[in-house]
Amino acid sequence: MTELPLESTVICRDLRKSFGAVQAVRNVSLALRRGECLALLGPSGCGKTTVLRLIAGLERPDGGAIVINGRTVSDGRVFEPAHRRHVGLVFQDYALFSHMTVAQNVAYGLGRRSDRRERVAAMLALVGLEGLEERYPHELSGGQQQRVALARALAPQPDILLLDEPFSNLDVALRRQVREEVQRILRQAGVSAILVTHDQEEAMSLGDRIALMFDGALHQIGTPRDLYEHPVSRRAAQFMGDSNFVSGQAQGSVAHTILGTVALAQPAQGAVDVLLRPEVLTLDGAENGTRAIVSGQMYLGARQVVWVKLAEEAAVLKVLCGAGARWQTGQVVGVHVTGEGVAFPSTLPQDEL
Ligand code: ATP
């Protein structure tokens with residue numbers, strides 16, 4: 001097992017949890033660093049919510065240990081209940097108390113603290129909701145309710161904040177805006193946070209690091225750039241963004257492919273499939289480069305996506321290029337590689353190479 005840094009806010013070691021025959025979490029080990037936002041990312045059912053619920057104390061693990069701020073809160077002998085873990089929770093449905101005002105909701109976790117009033121005011125200022133203290137949840141927009149939920153979770157000064165798909169109830173336009181606000185609030189509050197999401201863009205924009213999970217297990221952990229540019233598997237590559245794969249022969253730091261000699265992010269040897277993200281490909285008017293035919297395009301304002309079919313191979317490639325040039329379906333173009341590729345062992349049988 002990899003060493004987990006001791007100064008971490010949360011350490012999970014070999015966490016396991018099954019529901020009947022379903023192994024929801026398989027030997028997950030990870031560490032949340034102080035002040036960071038870690039995004040737990042993966043497809044539906046991969047076990048990310050269960051990891052969050054285990055850390056929160058809402059589920060009891062079958063095995064493994066959880067340490068929060070140096071204190072073991074769960075292992076074979078200890079199981080601290082959720083309310084003693086100093087953890088703030090924000091769920092996708094916000095779970096605000098409908099019969100309480102905004103101020104009462106935010107004060108909920110503060111008990112009889114003498115600084116209750118000041119703390120509520122400070123939290124509402126932090127989330128930009130001053131003046132709405134006396135409103136009830138149904139009198140707020142979705143984005144405002146989300147911010148109340150965040151203020152309520154942060155008010156008791158939790159050691160960590162756990163957010164489970166906090167933006168999934170918001171429409172697309174609002175989601176981006178609230179996401180930016182939440183990022184600012186988390187940074188300002190200096191809180192360590194774990195965010196569960198199945199949305200790769202959300203994980204990349206909010207996570208200082210991303211823990212990618214598949215089938216109950218941790219698959220890769222690293223910065224958004226690590227995961228996008230150096231995915232450890234084809235599956236991780238495809239989950240993190242649009243992926244083109246071309247076959248080739250690797251010789252150390254380069255691979256020879258139908259698109260010419262491609263620089264590799266990491267050295268490799270022999271038969272490989274090379275991952276090329278759409279933005280490392282460019283097109284020209286077929287003066288040179290590898291010949292291809294435009295099979296479709298999508299104009300996105302600042303950018304455009306163009307699909308091209310290679311003349312000598314069945315593959316269709318997705319190219320992300322500037323919006324300036326106008327490409328017509330059926331037009332013959334030249335394809336060029338302008339960045340690095342990532343090599344994976346070839347999936348083709350040896351006799352087809
Ligand atoms: P989603 O994004 O859809 O919420 P997830 O990655 O968060 O998915 P989990 O909710 O952790 O996944 O679920 C992991 C697996 O465990 C799934 O197969 C799920 O059906 C199962 N599971 C989770 N909670 C329970 C439960 N209380 N009882 C039975 N099975 C459960």
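Every value quoted in this text rests on a predicted model; they were computed, and no experiment measured them. Just so you know, ligand 1 is whichever comes first in the structure, and atom 1 is the first atom listed for that ligand.
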Looking only at N/O atoms, are A24 and ligand 1 under 3.5 Å apart anywhere? no

closest protein heavy atom to atom 3 (O) of ligand 1 is S44 OG, 2.6 Å

Nearest-neighbour protein heavy atom for atom 7 (O) of ligand 1, which is reported as residue plus atom name and distance: T49 OG1, 2.6 Å

Identity and separation of the nearest protein heavy atom to atom 21 (C) of ligand 1: F19 CD1, 3.9 Å

Which residues satisfy the side chain to side chain donor-acceptor pair (under 3.5 Å) test with E133, sequence neighbours excluded? none

among protein heavy atoms, the one nearest atom 17 (C) of ligand 1 is G45 O, 3.9 Å

Quick one: does K48 get within less than 4.0 Å of ligand 1, heavy atoms only? yes

Just distance, no hydrogens or angles: give the donor-acceptor pairs under 3.5 Å from side chains in residues 324-331, sequence neighbours left out.
{"from": "T329", "atom 1": "OG1", "to": "Q297", "atom 2": "OE1", "distance (Å)": "3.1"}
{"from": "Q331", "atom 1": "OE1", "to": "Q328", "atom 2": "N", "distance (Å)": "2.8"}

Cation-pi between R85 and F79: NZ/CZ under 6.0 Å from ring centre and within 45° of the ring axis? yes

May I ask whether G47 places a heavy atom under 4.0 Å from ligand 1? yes

For G216 and ligand 1, answer yes if some heavy atom of the residue is under 4.0 Å from a ligand atom, otherwise no. no

Could you tell me whether atom 14 (C) of ligand 1 has at least one protein heavy atom nearer than 4.0 Å? yes

